[in-house]
Protein chains: 2
Amino acid sequence: MLKKERHDFIMRQINLHNRVLTSDLVQLLNVSEDTIRRDLQELVDEGLLYKVHGGALSKSYHSSFDDSTVYARDSKIAIAKKATNLIKDGMVILTGGGTTILELVKQLPQGLTATFFTISPLVAVELAKYNNIEVILIGGLFSKNSQVTYGGHVITQLAEIKADLCLMGTSALHPEEGLTDTYWEINQLKKAMLACSKRTAVLCISEKLDIALRLKVCPIESISYLITELDVNDDLLANYRTKELNIL
Amino acid sequence: MLKKERHDFIMRQINLHNRVLTSDLVQLLNVSEDTIRRDLQELVDEGLLYKVHGGALSKSYHSSFDDSTVYARDSKIAIAKKATNLIKDGMVILTGGGTTILELVKQLPQGLTATFFTISPLVAVELAKYNNIEVILIGGLFSKNSQVTYGGHVITQLAEIKADLCLMGTSALHPEEGLTDTYWEINQLKKAMLACSKRTAVLCISEKLDIALRLKVCPIESISYLITELDVNDDLLANYRTKELNIL
DNA sequence: CGTTTTTTTGCTTGTTTGTGCAAGTTTGTC
DNA sequence: GACAAACTTGCACAAACAAGCAAAAAAACG
């Protein structure tokens, strides 16, 4: 087996499981530990993964699991600022959950008149601070991980909504694979949210770009706006600029 | 499991529950106490949590724990403590909103296995911190005043629920007039909550006793438990002791 | 084809890291 | 103030690691 093939194999494992063990790779690839270690080091040098004692972890692993001290808060605030420009008086807006969306909601202009549907209790509470915003919280099972409501009941209710704009955070975005996710329930949820909104804005910090996870939500064409903390002309966005996608 | 993963796991637990017990982590992660202690110490060195005898606490929890603005907080904590005794494993419980209920939810025993329906987003978020509690948030219009969902849609959904116990705070209780309220919508809501629960516990600080408001929710006979911060033999409760009402 | 150069791999050595055990100390509780 | 649980410290052992070296494989060249 060629080195390049090994690297690809390792990266597939990483994207699938968020981690690999050196010992596992030794068995699976039938090479010495040293070779694996060298492979991992090279992949680290390319910035593709994160090495720890005993193996390696996916780079996106952190962002999805560690909201300890609101990871990358500055970036998220910058994104939120940009996103507020999409919101106009009279709109019907549907939002997901997550720290980025929450940041956005905190930055809405006072006096904005709009209707918000949301699956996030925290977002609902924050929205309630605005006098002229009508808030509808979509009920259902409550996810301990994502802190949003989910499940069949939520999806049924989403089907009854017609929103002008859907705002969602994301755990991964890839120019070819589009929007992807790790959990089946969240995947279904996002599909339903997309389906009931005229346009969709994806709020995505740059380190989640160019990553594809297990489950596909939608192709990139289904997204209307991509909002990152980067400058519109940043090189990292080159692959997205070709698509008919409004980049903010 | 890799060390880094353990650390992430611990931080997730901390963010979820605001605290972790060393003994729990030993079981959950299947490593020795020593390892857990070392992990905790390392996380302390990174400034991510506080270590205490028996486990560790979230850092943000303490700094943000000045809910001292909550009116009559001590009384509410006392009430909450009593109310937890009503809750047993396996129960299906319906809760309203309000600071007293929120306080109660914070005091539930770790490891409680139960199903909670709630109309309060904040209660839902708090409940989500317990591993063995299933949380269903009832969705609908979100009230800026009461911080709960309300309206026809909520009432329709309540009609589908069969709860063992309903926990609600109250703005007034009167020996003759029973449970009363000021707002039409909340009135309707409470009626619906009562209707779908076998028993109802009313959490009521003493200064709201003997007050009757505009709209009648139910006679005092419809209530199973009255929980105040007072001693069961307090004179203020005399008028209620005559009724067939369990006073705690 | 053979020979030289480069790359890749596995082995050896010595080092670091992670974990559990044992002994003694502190802390919380009744 | 006694007892158990939780904690600290030091130590030992195994697993994982880094660096240098030599054999093997692949590539380059005439």
Side-chain angles (χ1 to χ4, degrees), chain A residues 1-14 16-59 61-62 65-66 68, chain B residues 1-14 16-59 61-62 65 77-78 80-82 84-85 106-112 129 131:
Chain A
M1 185 175 239
L2 276 75
K3 187 156 113 168
K4 174 70 177 148
E5 289 178 298
R6 270 201 323 267
H7 284 201
D8 288 345
F9 181 86
I10 293 172
M11 283 315 296
R12 273 203 303 151
Q13 291 288 112
I14 281 275
L16 222 56
H17 303 122
N18 276 329
R19 68 163 208 183
V20 286
L21 302 183
T22 313
S23 52
D24 286 353
L25 290 175
V26 168
Q27 287 215 333
L28 288 167
L29 297 171
N30 206 36
V31 287
S32 76
E33 286 191 9
D34 304 79
T35 304
I36 295 299
R37 267 193 269 279
R38 266 185 291 249
D39 286 341
L40 292 179
Q41 186 55 53
E42 284 157 23
L43 291 169
V44 166
D45 294 341
E46 294 177 50
L48 295 175
L49 46 75
Y50 193 142
K51 207 148 85 72
V52 295
H53 197 93
L57 299 173
S58 158
K59 265 202 152 177
Y61 180 79
H62 283 296
F65 277 95
D66 179 357
S68 49
Chain B
M1 187 173 232
L2 297 166
K3 184 158 119 170
K4 175 72 182 149
E5 289 180 301
R6 261 196 338 256
H7 284 199
D8 287 341
F9 181 88
I10 293 172
M11 284 314 297
R12 256 201 312 161
Q13 291 288 112
I14 281 275
L16 239 47
H17 303 131
N18 283 327
R19 64 166 204 173
V20 287
L21 302 182
T22 313
S23 51
D24 286 354
L25 290 175
V26 168
Q27 286 216 333
L28 288 168
L29 297 171
N30 206 36
V31 288
S32 75
E33 287 191 9
D34 305 80
T35 303
I36 295 298
R37 290 210 185 84
R38 265 185 292 249
D39 285 341
L40 292 179
Q41 185 56 53
E42 283 159 24
L43 291 169
V44 167
D45 294 341
E46 292 177 50
L48 295 176
L49 46 74
Y50 267 128
K51 209 147 83 72
V52 294
H53 196 90
L57 298 174
S58 159
K59 246 191 162 177
Y61 181 69
H62 272 330
F65 200 64
I77 291 178
K81 278 225 173 76
K82 289 189 196 174
T84 54
N85 295 323
K106 286 181 181 169
Q107 307 221 10
L108 292 174
Q110 287 289 334
L112 173 70
K129 295 178 180 174
N131 277 325

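Worth knowing before you read on, the calculation uses all heavy atoms, side chains too, and leaves out hydrogens, waters and symmetry mates. Just so it is clear: chains get the letters A, B, ... in the order the sequence lines come, proteins before strands, and each one is counted from 1.
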B/Arg38: what forms a side chain to side chain contact (heavy atoms under 4.5 Å, CB included) with it, not counting sequence neighbours? B/Asp34, B/Thr35, B/Glu42
OP1, OP2 of D/dC7 versus side-chain N and O of B/Thr22: anything below 4.0 Å? yes
Do B/Lys3 and A/Val52 come close enough that some side-chain heavy atom pair is under 4.5 Å? no
Flag yes if more than 12 heavy atoms outside B/Asn85 fall under 6.0 Å of its CG atom; otherwise flag no. yes
With sequence neighbours excluded, what pairs up with A/Asp45 under the side chain to side chain donor-acceptor pair (under 3.5 Å) test? A/Gln41
Could A/Asp8 and A/Arg12 be called an ion pair, given the rule that one side-chain N must be under 4.0 Å from one carboxylate O? no
5' to 3' on DNA chain C, which nucleotides open and close the contacts with chain A (atom under 4.0 Å from a heavy atom)? C/dT8 to C/dG18
Contact class for B/Val52 (heavy atom, under 4.0 Å): base, sugar-phosphate, or nothing? sugar-phosphate
If you fit an axis to the five pairs at each end of the helix from C/dC1-D/dG30 to C/dC30-D/dG1, how big is the angle between those two axes, to 10 degrees? 40°
Got a sec, which residues hit side chain to side chain contact (heavy atoms under 4.5 Å, CB included) with B/Gln27, two or more places apart in sequence or on another chain? none
Between N or O atoms, less than 3.5 Å apart, protein on one side and nucleotides 18-28 of chain D on the other: list the pairs.
none

Can you tell me the distance, in whole Å, between the CD atom of A/Glu33 and the P atom of D/dA14? 16 Å
